[in-house]
Amino acid sequence: MNITDIFGMNVFSKSVMKERLPKKIYQEMVDVMENGGNISMKTADIVANAMKDWAVEKGATHYTHWFQPLTGITAEKHDSFLTAPEDSQTILQLTGKQLIMGEPDASSFPSGGLRSTHYARGYTAWDMTSPAFVKEMSCGTILCIPTIFVSYTGEALDKKTPLLRSMEAINTQALRILRLFGNTSAKKVTPSVGAEQEYFLVDREKYMQRRDLIYTGRTLFGAPAPKGQELDDQYFGVIRYRVGKFMADLNQELWKLAIPATTQHNEVAPGQHELAPIYTMCNLAVDQNQLTMETMKRVATRHGLVCLLHEKPYAGVNGSGKHNNWSLGTDTGENLLDPGDTPNENLQFLLVLSCMIKAVDIHADLLRQSASCAGNEHRLGGQEAPPAIISIFLGDQLDDVVNQIVSNAESIQLLAAHKLDSGVSTVPVLKKDAADRNRTSPFAFTGNKFEFRMVGSSDSIADANITLNAIVAEALCEAADVLEKAVDFHGACMKLIHDNMSEHHRIVFNGDGYSEEWVEEAQRRGLPNLVSMVDAVAALKTDKAEKLFTKFNIYTKAELLARAEIMYETYIKVMTIEAKTMIHMAAKHYIPSAIHYTTRLGQSIAAVKSAGVIADLSVQAGLLEKVSTLLATANQALGALKALMAQVESIQNVEEMAEAYRSRVAPAMTALRRPIDELEMTVDKDLWPVPTYGDLMFEV
């Protein structure tokens, strides 16, 4: 089957609506989808019936309001199309009311104190900008209707609602800028996003033998394999047969859902891979990334594999991220971040660029917070991912333009583009890009977009894009406020560009973000260095954040504080599960196995002695002493972790408890891991209770 035959076959797209809806109804739908507003209940009934008929033809028996609560994953409650039977007969039905609104129980979803736990009512409401689709699941084929999720009193309990609000904010402010430049044809400005997704695959049978992978998604113990990523032979290498079968199956499933997955390759670490889609509208990209992660896990099971999305499944090799490529475009096809051939003369681009620089500098703390999750703690700043310090990479050409503007150059010159001659007569001479890529930069300009490289592989990209949309909307708004009052627009615009770039130039850095020199330089520049997620969460509680998000109706103050509370709670829960899993594995698996080994070793020594054989037993005695010492160290560390957990769990304030887990429990977990990883390198393989790193990473 060709790609074009299956692409979008499971999506209730505009083309499907056009075929199945009366012309007038279809036009009403498209108008509301593109311009906002409400449809009538009569229209909703017609659309719902057409959607139900289409889904039933696909084999669907149930429908669900598919939403994204503050758990970071998706949620769904399936309801059958069946109506109440009469005389043992029933009909299939989906009404307009059922399509538009649902009422799932909201009591068990995180709310951060927005509602009392004994209040259960919450509402889902249809997001018409994201098309419905069917999912082919083990429990049947389900019609999924993308929705927002709010409380009975109207607070956003999900990630989609503030995302849509942020898109409206940036649309409004970007249009103000375009009108100042005489653009009257554009009716809408939309952020576009492409999220590269990194992941690991592991054999399912081996996965099921590791309680740490099952409970936490990462290995809490494990000595390094003899071979890791030292030879760089995994990166872009030939894809192994079993992995290739998984990728081919995954692509087909994604294409059915109209997810334009285009790029696939091996990543740096053994067993690590990457998938990347074509860019699409921001909220649709968020939905599609969630679907991609769900589909990866489901397809992996078919192939006897497990897809690990944790940011750091294995210590000592590269972890997984999710590069969030963000740009801003009009409905007429103009990319506001496209510099053109002469960016030094492109006033509109320079203004937007200056606003981006200003936005990132002012709200570097919020941007860092938006990429914070417990798994990313093990990755950011670890010489494998961007540092925790936010900076912008522009490349030589744009950086030179910015420097000229800052220094008030009389005329702005453009560094000449160069060509690359390989010296091979049969290979064409290549036109070089204006800038190289900087993999150490957390926020890099890459031609006509910015690549936000900090987002964790397991995390929703909603938070990062809500923040990006909001901070850029604010900078564009402040620019429009000034320029709309200007008598001399060109002069005022040049002054504003100069002021923005001069005042916020400290955020621009083209060098090595992994170096210690940059950490020192960033401190001299006054840039925040929020090393931990626990440090970064506080950015949500500042007056600056409240002013930003409430100005554009993205979050209320209560919603902001709730999200901070939920982040602390989530970090605490993740750390609690990890610590308890370590205690369980150490007490039930590792220490007993090591004791068994010492017993066997002791019996072997005793047998030789009792036989009266003259032999040098120093090796056996040395091993026995070494293992016994490591056992004692491990047992002591186990007891210390248990005692510490009891202390920390008694703390009432969530922020204080989160900090205690970060500063006290995490080091205690490391202290327990160290002797057990050493034991792994000593105890007989047949006695070791779990698959090792070599088993997990290389036997797929």
Side-chain angles (χ1 to χ4, degrees), residues 62-79 98-127 130 135 137 139 142-166 215-217 283 286-287 289-291 293-294 297 309 369-370 372-375 456 458-467 533 537 540-541 549 554-577 654-655 657-658:
H62 291 68
Y63 73 94
T64 183
H65 277 193
W66 184 78
F67 58 100
Q68 299 172 38
L70 297 175
T71 55
I73 55 177
T74 61
E76 52 195 58
K77 173 175 69 76
H78 303 165
D79 288 301
Q98 290 169 324
L99 171 64
I100 289 174
M101 179 179 169
E103 188 202 327
D105 188 327
S107 60
S108 295
F109 290 109
S111 71
L114 286 174
R115 52 189 289 109
S116 300
T117 54
H118 60 281
Y119 287 123
R121 196 183 298 275
Y123 296 116
T124 50
W126 182 25
D127 171 21
S130 187
K135 278 204 297 188
M137 305 173 67
C139 59
I142 311 297
L143 170 64
C144 299
I145 303 162
T147 63
I148 66 169
F149 179 47
V150 296
S151 71
Y152 178 74
T153 47
E155 294 95 353
L157 295 177
D158 67 338
K159 293 180 180 288
K160 174 66 78 69
T161 303
L163 179 69
L164 293 172
R165 293 169 179 170
S166 73
Y215 295 147
T216 74
N283 69 307
V286 171
D287 287 358
N289 184 250
Q290 291 285 4
L291 276 174
M293 292 190 287
E294 290 177 22
K297 293 179 180 179
L309 294 173
Q369 175 276 323
S370 75
S372 297
C373 65
S458 68
D459 214 5
S460 167
I461 60 173
D463 291 329
N465 288 294
I466 290 167
T467 300
M533 167 187 171
V537 175
L540 290 173
K541 301 192 291 183
F549 288 115
I554 296 169
Y555 292 122
T556 64
K557 182 178 180 179
E559 288 171 342
L560 265 182
L561 295 177
R563 277 151 179 79
E565 186 92 352
I566 289 168
M567 289 190 73
Y568 287 132
E569 289 174 349
T570 302
Y571 180 79
I572 290 166
K573 290 172 183 175
V574 168
M575 291 294 291
T576 300
I577 293 168
V654 290
E655 186 174 352
M657 184 184 286

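Bear in mind the structure is a predicted one, so any value in this text is a computation, not a measurement. For the numbers below, each heavy atom of this structure counts, side chains included, while hydrogens, waters and symmetry mates do not.
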Q: Please assess Thr124 against Glu103 for the test side-chain contact (heavy atoms from CB on, under 4.5 Å), listing each intermediate value before the final yes or no.
A: CA-CA 6 Å; Thr124 50; Glu103 188 202 327; over 6 Å; no
Q: Sequence neighbours excluded, which residues qualify as side-chain contact (heavy atoms from CB on, under 4.5 Å) partners of Glu294?
A: Trp66, Thr74, Lys135, Leu291
Q: So which heavy atom on Ala374 is nearest to which on Val574, and how close?
A: CB-CG1, 3.7 Å
Q: Using the salt bridge (charged side-chain N to carboxylate O under 4.0 Å, His left out) criterion, which residues pair with Glu569? Sequence neighbours excluded.
A: none
Q: Got a donor-acceptor contact below 3.5 angstrom from the His65 side chain to the His78 backbone?
A: no
Q: Kindly write out the residues that satisfy side-chain contact (heavy atoms from CB on, under 4.5 Å) with Ala125, not counting sequence neighbours, or none if the list is empty.
A: Ile148
Q: With rounding to the nearest 0.5 Å, note down the distance linking CG in Asp127 to CD1 in Ile145.
A: 12.0 Å
Q: Tell me the closest heavy-atom pair linking Met533 and Cys373, and the distance in Å.
A: SD-C, 3.4 Å
Q: According to salt bridge (charged side-chain N to carboxylate O under 4.0 Å, His left out), who are the partners of Lys77, at least two apart in sequence or on a separate chain?
A: Asp79
Q: Between CD1 of Ile461 and CG of Asn283, what distance do you get to the nearest 0.5 Å?
A: 10.0 Å
Q: Using a 4.5 Å cut-off on heavy atoms from C-beta on, say whether the side chain of Ser372 contacts that of Val537.
A: no
Q: Sequence neighbours excluded, which residues qualify as salt bridge (charged side-chain N to carboxylate O under 4.0 Å, His left out) partners of Asp287?
A: Lys160
Q: Tell me every residue that passes side chain to side chain donor-acceptor pair (under 3.5 Å) with Thr147, counting only those two or more places apart in sequence or in another chain.
A: none
Q: Would Val286 and Gln68 count as a side-chain contact (heavy atoms from CB on, under 4.5 Å) if you check the C-alpha gap in whole Å, the side-chain angles of each, and the deciding distance to 0.1 Å?
A: CA-CA 10 Å; Val286 171; Gln68 299 172 38; 3.5 Å; yes
Q: Mind listing the side-chain donor-acceptor pairs of residues 560-568 below 3.5 Å, one per line with the distance, residues two or more places apart or on another chain?
A:
residue	atom	partner	partner atom	Å
Arg563	NH1	Glu559	O	3.1
Arg563	NH2	Ala156	O	3.0
Arg563	NH2	Asp158	O	3.1
Tyr568	OH	Glu655	OE2	3.4

Q: To the nearest 0.5 angstrom, please state how far the CG atom of Leu540 sits from the OH atom of Tyr555.
A: 7.5 Å
Q: By ring-ring contact (aromatic ring centres under 6.0 Å, His included), which residues pair with Phe109, not counting sequence neighbours?
A: Phe67, Phe149
Q: Using the side-chain contact (heavy atoms from CB on, under 4.5 Å) rule, take Met293 and Ile73 through it: C-alpha gap first, then chi angles, then the decisive distance, then the call.
A: CA-CA 9 Å; Met293 292 190 287; Ile73 55 177; over 6 Å; no
Q: Under 4.5 Å between any side-chain heavy atoms of Met137 and Glu76, yes or no?
A: yes
Q: Is the shortest side-chain heavy-atom distance between Ser111 and Leu157 below 4.5 Å?
A: yes
Q: Mind checking side chain to side chain donor-acceptor pair (under 3.5 Å) for Thr576 and listing every partner two or more places apart, or none if nothing turns up?
A: Tyr661
Q: Only counting residues at least two apart or in another chain, list the ones meeting side chain to side chain donor-acceptor pair (under 3.5 Å) with Glu155.
A: Ser151, Thr153
Q: Going by the rule side chain to side chain donor-acceptor pair (under 3.5 Å), which residues pair with Ser370 if we only count those two or more places apart in sequence or in a different chain?
A: none
Q: Between Thr467 (side chain) and Ala464 (backbone), is there a donor-acceptor pair under 3.5 Å?
A: no
Q: Got a sec, which residues hit side-chain contact (heavy atoms from CB on, under 4.5 Å) with Ile577, two or more places apart in sequence or on another chain?
A: Tyr215, Thr216, Thr581
Q: Closest approach of Gln290 and Ser460, non-hydrogen atoms and distance?
A: NE2-CB, 3.2 Å
Q: Calculate, to the nearest 0.5 Å, the distance between atoms OG1 and CD1 belonging to Thr64 and Ile142 respectively.
A: 7.5 Å
